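The next block holds one structure in the form of structure tokens; read it before the comments.
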Amino acid sequence: MTSHQLQQAAMISLIADAVGYARLSQKTVFDIVIPLLPPQRRGLAEDIQRKLAGDHFISEPFLRDLAALVDFLGREIANGTQQGWIADEHDVNGGRHVRQFSDHAFALIGASDQLIDLHRAISDVLNHAKAERLAETLFAH
């Protein structure tokens, strides 16, 4: 196998990972995220869901939109999270901190984690492609 074929195989593998995460995320956005958001806040999630249904989600603009949605979901999760303390006389610290999630926040945690995985997979593809372009430029000189 030539160097070019090895690079191409590595890129195809990264893209395949991103496509797998995209399929899972498309269903998650449709089934969980969109229904749990207020109607006036669904636009970005609906746009992401549409892009995931197509073939144009491996791009920097899509990554920015995805990061914005993950940030928004993080705020929604934080709003549905309560911090507390459980006293325990047998604990050396006198107790422990606990977090309690609303049903809304709990559902969004799994969805957010999945979208973060998708973001990482797409970033890996774009980083690999950029590294190949930079290497070709360096080797040409």
Side-chain angles (χ1 to χ4, degrees), residues 1-88 90-141:
M1 221 178 209
T2 68
S3 170
H4 178 72
Q5 288 171 322
L6 288 173
Q7 288 174 341
Q8 192 174 25
M11 181 60 94
I12 289 170
S13 178
L14 290 173
I15 293 169
D17 287 346
V19 168
Y21 283 114
R23 285 182 187 220
L24 292 171
S25 296
Q26 180 186 7
K27 181 167 177 36
T28 297
V29 170
F30 183 78
D31 292 343
I32 298 171
V33 175
I34 292 172
L36 288 177
L37 295 181
Q40 68 274 20
R41 300 300 226 158
R42 292 179 181 167
L44 180 59
E46 290 170 341
D47 187 47
I48 285 173
Q49 196 269 333
R50 277 189 300 277
K51 288 178 182 173
L52 288 172
D55 292 337
H56 303 289
F57 57 87
I58 298 178
S59 69
E60 292 293 341
F62 180 81
L63 269 187
R64 285 190 295 274
D65 289 347
L66 188 57
L69 180 59
V70 168
D71 287 344
F72 177 73
L73 294 180
R75 289 190 300 277
E76 288 286 303
I77 292 165
N79 289 337
T81 304
Q82 292 183 344
Q83 304 284 341
W85 176 262
I86 296 179
D88 181 355
H90 302 292
D91 187 304
V92 71
N93 296 316
R96 66 184 186 284
H97 293 277
V98 294
R99 291 189 306 175
Q100 295 177 324
F101 302 102
S102 67
D103 291 341
H104 176 84
F106 188 75
L108 290 178
I109 289 170
S112 179
D113 287 347
Q114 204 168 67
L115 294 174
I116 289 168
D117 288 342
L118 172 63
H119 189 282
R120 183 191 40 75
I122 294 171
S123 292
D124 288 348
V125 172
L126 295 174
N127 291 342
H128 190 84
K130 186 172 184 174
E132 283 183 1
R133 287 191 306 273
L134 290 172
E136 286 174 12
T137 302
L138 287 172
F139 296 144
H141 291 116

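These numbers come from a predicted model, not from an experiment. Values below: all heavy atoms of this structure, side chains included; hydrogens, waters and symmetry mates excluded.
Not one N or O on the side chain of S112 forms a donor-acceptor pair closer than 3.5 Å with the backbone of L108. S13 contributes no side-chain N or O that, together with a main-chain N or O of A9, makes up a donor-acceptor pair within less than 3.5 Å.
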Is there a side chain to side chain contact (heavy atoms under 4.5 Å, CB included) between L118 and L24 once you walk through the steps? CA-CA 9 Å; L118 172 63; L24 292 171; over 6 Å; no
Under the criterion side chain to side chain contact (heavy atoms under 4.5 Å, CB included), I'd like the reasoning laid out for V33 against L73: C-alpha separation, chi angles, the key distance, then a yes or no. CA-CA 9 Å; V33 175; L73 294 180; 4.1 Å; yes
Could you go step by step and tell me if L37 and L44 meet the side chain to side chain contact (heavy atoms under 4.5 Å, CB included) rule? CA-CA 11 Å; L37 295 181; L44 180 59; over 6 Å; no
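For F106, the CZ atom sits in a loose shell: 12 or fewer heavy atoms of surrounding residues, nucleotides or ligands are nearer than 6.0 Å. By the neighbour-count criterion of 12 heavy atoms within 6.0 Å, atom CD of Q5 is densely surrounded, having more than that number from other residues, nucleotides or ligands.
Qualifying side-chain contact (heavy atoms from CB on, under 4.5 Å) partners for A131, counting only residues two or more places apart in sequence or in other chains: none. Taking the salt bridge (Lys or Arg N to Asp or Glu O under 4.0 Å) definition, one finds that D31 meets it with K27, sequence neighbours left out. By the salt bridge (Lys or Arg N to Asp or Glu O under 4.0 Å) test, D47 pairs with R50, K51, sequence neighbours left out. When the salt bridge (Lys or Arg N to Asp or Glu O under 4.0 Å) test is applied to K130, no partner is found at least two apart in sequence or on another chain. Legend: residues meeting salt bridge (Lys or Arg N to Asp or Glu O under 4.0 Å) with R41, ordered by chain and number and at least two apart, are absent.
Distance check, rounded to the nearest 0.5 Å: CG of L36 to CG of D103 gives 9.5 Å. A distance of 12.5 Å separates CD of E76 from CD1 of I109, quoted to the nearest 0.5 Å. Taking OG of S25 as the reference point, atom CG of D117 lies at 7.5 Å (rounded to 0.5 Å). Considering CZ of R64 and CG of L66, their distance stands at 12.0 Å, rounded to 0.5 Å.
You'll find the side chain of N127 stays beyond 4.5 Å of the side chain of L14, heavy atoms only. When side chains are defined from C-beta on, H119 does not count as touching V70, because their heavy atoms never get closer than 4.5 Å.
For the pair E46 and I34, the tightest heavy-atom approach, listed with the atom from each and the gap, is CG-CD1, 3.7 Å. Closest non-hydrogen pair, A121 versus A18, comes out as CB-CA, 3.8 Å. Nearest heavy atom pair, residue Q7 against residue H128, reads O-NE2, 4.0 Å. Residues A45 and V29 approach most closely at O-CG1, 3.4 Å, considering heavy atoms.
The residues D124 and R120 are annotated as salt-bridged, a charged nitrogen and a carboxylate oxygen being separated by less than 4.0 angstrom.
Residue pairs meeting the ring pair (Phe, Tyr, Trp, His ring centres under 6.0 Å) criterion with at least one partner in residues 50-87, sequence neighbours excluded, are W85-H97.
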